[in-house]
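Here's the structure, in structure tokens; my notes come after.
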There are 2 protein chains.
Amino acid sequence: MSADHPPAAPGTRFPAPPERAARPAAGPAPANGADAGPKSERTRQRILDAAARTFRDKGYAGTTLNDIAVAALLRAGSIYYHFDSKERLLEEVLDIGIARVSAAVQRAIEALPPDISPTERIRTGIEAHLRSLLYHGEYTSASFRIFGQAPRDVQSRILSRRRAYADYWRHMLREARAAGEIPAERDLGLARMFLFGALNWSVEWYDPEKGALDDFVREAAETCLHGILAPPGAGADGERYAEGAGVVRRER
Amino acid sequence: MSADHPPAAPGTRFPAPPERAARPAAGPAPANGADAGPKSERTRQRILDAAARTFRDKGYAGTTLNDIAVAALLRAGSIYYHFDSKERLLEEVLDIGIARVSAAVQRAIEALPPDISPTERIRTGIEAHLRSLLYHGEYTSASFRIFGQAPRDVQSRILSRRRAYADYWRHMLREARAAGEIPAERDLGLARMFLFGALNWSVEWYDPEKGALDDFVREAAETCLHGILAPPGAGADGERYAEGAGVVRRER
DNA sequence: GAAAAATTCTAACATCCGCTAGAATTCCCC
DNA sequence: GGGGAATTCTAGCGGATGTTAGAATTTTTC
């Protein structure tokens, strides 16, 4: 929005590099573990993180390389040492995003006892999907929020991963129907897209201040599975429909 | 993407104005009805239409005034005769968008018999909302798709109208609960946001080629009201859960 | 601690963007 | 059909943007 780095006064070599800020502390030795790579691979991470957050907040076209650079504590030109272009940066953010959601959901479901019902698998999937979007989900939320803004060729390169994730859900829903837990008339494609819509839209309005994520996620799954109207699956006793139930509870 | 209007060859006055294309046919006399205004108010409309479509497709920051101008069959500078700035153009598109959805939903619901159940009112609202998004809905879909990309001050100026629409739904949901048609434990705020999410996300994927809008809209309401799992409200006979129901019907 | 490799910075280029001034053209009314 | 108003166009300004080249600096290696 504003000029962040005015040109150096002539004679001065460095015009106050943007808060060189605590040179990542480095630690004893990067141990070459999972992500604390060879050396200043750390910078790459910092740029990616900054890009994910900025893309998510300002959109793709609305984000400047300088925005990202400022957030990553370096200058715009330096980004090109780590990434070929703004497009590739976007591509990687999008890719990491779905990969994480996909992994989180799969992991959560595979951790369930093998004989659990398809419905419970779906419920777990919903909760995991939401969690990965809303809890430290800069990549995941960016991935869903700005996919539609990405250039065509980036979209198509990301598409295979997205398709795989969709297939995973398609499969789950079919199993639920095969088990007789989804009525035969229900259009599974539509149901799946509406489910994605309900879940993904939450990044537009969810406010972590407003309540515990656990409660939110549980209630969310309930609403998706049983709809706005229907009674919660468990008890199914008619009393819940008793007159006078119109008291406002904790509506936002 | 590419340079659409190369500078005029010196000596040539007009470098082929971009397909002056069938000067809107004009008709006998504008009759000064609802929207066929005084005179070249028509141009204003053309610009607005082009802006709605382009904003929706490319996002706000991703849209150039030249993009809009090309789609509206004039040059970028001419837009300023009708609108003060790109921001105001956006503002008007967003405003028209919610106004239309809001009006369509309200109209549909008010056309119902007065003694109809809250549930049926909600169902009608869902169908009307979807219809106004998906059928010739350049403004409506733009309004929901790019609101989050709009500059803060534009958002806040649009907010009152959006809030009014949200209140309308809040009211309907409360009445449904008061009538005992929504269980007391259901969080109405969450339900409403999930509903909006499911509906609004449809502009990201709905393909009019894939089937009649009427069928789509009906099935959509059913899914939102009763969830993915529950049986369709009408019959409620258990047979629908019969074994072997896992045949794929018309999944996308 | 010096040489080599890796990383970051500066400065600039070419392009495009939103926007404006003023000339050119078109429209409309009498 | 002539004249004044309405509308559109051209041309360009100032600034921002993605990107690049090469110098400067830091880090690593011996």
Side-chain angles (χ1 to χ4, degrees), chain A residues 1-18 20-21 23-24 26 29-30 32 37-47 51 54 58 60-70 72-90 151, chain B residues 1-18 20 23-24 26 29-30 32 37-47 51 58 60-70 72-90 151:
Chain A
M1 290 284 178
S2 60
D4 283 282
H5 304 311
T12 312
R13 217 76 192 86
F14 290 137
R20 190 160 287 279
R23 181 75 25 185
N32 206 351
K39 213 212 34 187
S40 207
E41 159 80 15
R42 208 90 52 103
T43 306
R44 212 186 119 92
Q45 271 310 316
R46 212 158 9 105
I47 295 173
T54 317
K58 302 190 173 194
Y60 175 61
T63 293
T64 296
L65 283 183
N66 191 56
D67 292 339
I68 298 174
V70 166
L73 302 176
L74 37 70
R75 328 290 283 225
S78 309
I79 293 176
Y80 282 85
Y81 181 78
H82 301 274
F83 298 91
D84 288 344
S85 66
K86 190 185 175 192
E87 257 192 35
R88 285 228 171 265
L89 195 41
L90 170 70
Chain B
M1 293 286 176
S2 60
D4 283 283
H5 304 310
T12 312
R13 218 76 195 86
F14 290 136
R20 190 161 284 281
R23 184 72 31 185
N32 205 350
K39 211 216 30 191
S40 209
E41 158 82 12
R42 209 89 53 101
T43 305
R44 213 186 117 93
Q45 271 312 316
R46 211 157 12 105
I47 295 172
K58 302 191 171 192
Y60 175 62
T63 293
T64 295
L65 283 183
N66 192 55
D67 292 339
I68 298 175
V70 166
L73 303 176
L74 37 70
R75 328 289 283 225
S78 310
I79 293 176
Y80 283 85
Y81 181 79
H82 302 274
F83 297 92
D84 288 345
S85 67
K86 190 186 175 192
E87 258 194 34
R88 285 227 170 266
L89 197 41
L90 170 70

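Lettering follows sequence order; numbering is per chain, from 1.
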Atom-pair distance ([atom1] on [X]; [atom2] on [N]), nearest Å:
{"X": "A/Ile47", "N": "C/dT7", "atom1": "CD1", "atom2": "P", "value": "11 Å"}
{"X": "B/Arg75", "N": "C/dC17", "atom1": "CZ", "atom2": "C1'", "value": "16 Å"}
{"X": "B/Gln45", "N": "D/dT7", "atom1": "CD", "atom2": "P", "value": "14 Å"}
{"X": "A/Tyr81", "N": "C/dA5", "atom1": "OH", "atom2": "P", "value": "12 Å"}
{"X": "A/Asp67", "N": "D/dA16", "atom1": "CG", "atom2": "P", "value": "12 Å"}
{"X": "A/Arg42", "N": "C/dA6", "atom1": "CZ", "atom2": "P", "value": "18 Å"}
{"X": "B/Phe83", "N": "C/dG18", "atom1": "CZ", "atom2": "P", "value": "15 Å"}

Please name the pair of heavy atoms, one in [X] and one in [Y], separated by the smallest distance, quoted to 0.1 Å.
{"X": "B/Asp67", "Y": "B/Gly62", "value": "OD2-O, 3.9 Å"}
{"X": "A/Ala69", "Y": "A/Ala76", "value": "CB-N, 3.5 Å"}
{"X": "A/Arg46", "Y": "A/Ala72", "value": "NH1-O, 2.6 Å"}

A/Leu74 and A/Ile47: CA distance, side-chain angles, deciding distance, side-chain contact (heavy atoms from CB on, under 4.5 Å) verdict: CA-CA 9 Å; A/Leu74 37 70; A/Ile47 295 173; 4.1 Å; yes
Donor-acceptor pair, side chain of A/Thr63 and main chain of A/Thr54, under 3.5 angstrom: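 At least one qualifying donor-acceptor pair exists.
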Distance below 4.0 Å between B/His82 side-chain N/O and D/dT8 OP1 or OP2: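 Yes, because at least one side-chain N or O of B/His82 sits under 4.0 Å from OP1 or OP2 of D/dT8.
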B/Thr43 vs D/dT8: side-chain N/O to OP1/OP2 distance below 4.0 Å: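 Affirmative; the distance criterion is met.
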Protein and nucleotides 18-21 of chain D: nitrogen or oxygen contacts under 3.5 angstrom:
residue	atom	partner	partner atom	Å
D/dG18	OP1	A/Thr63	O	3.3
D/dG18	OP1	A/Lys86	NZ	3.0
D/dG18	OP2	A/Leu65	N	2.9
D/dT19	OP2	A/Tyr80	OH	2.3
D/dT19	OP2	A/Lys86	N	2.9
D/dT19	O5'	A/Tyr80	OH	2.7

Short side-chain donor-acceptor distance under 3.5 Å, A/Arg88 and A/Ser85: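 Their side chains do not contain a donor-acceptor pair, so the 3.5 Å distance test is not met.
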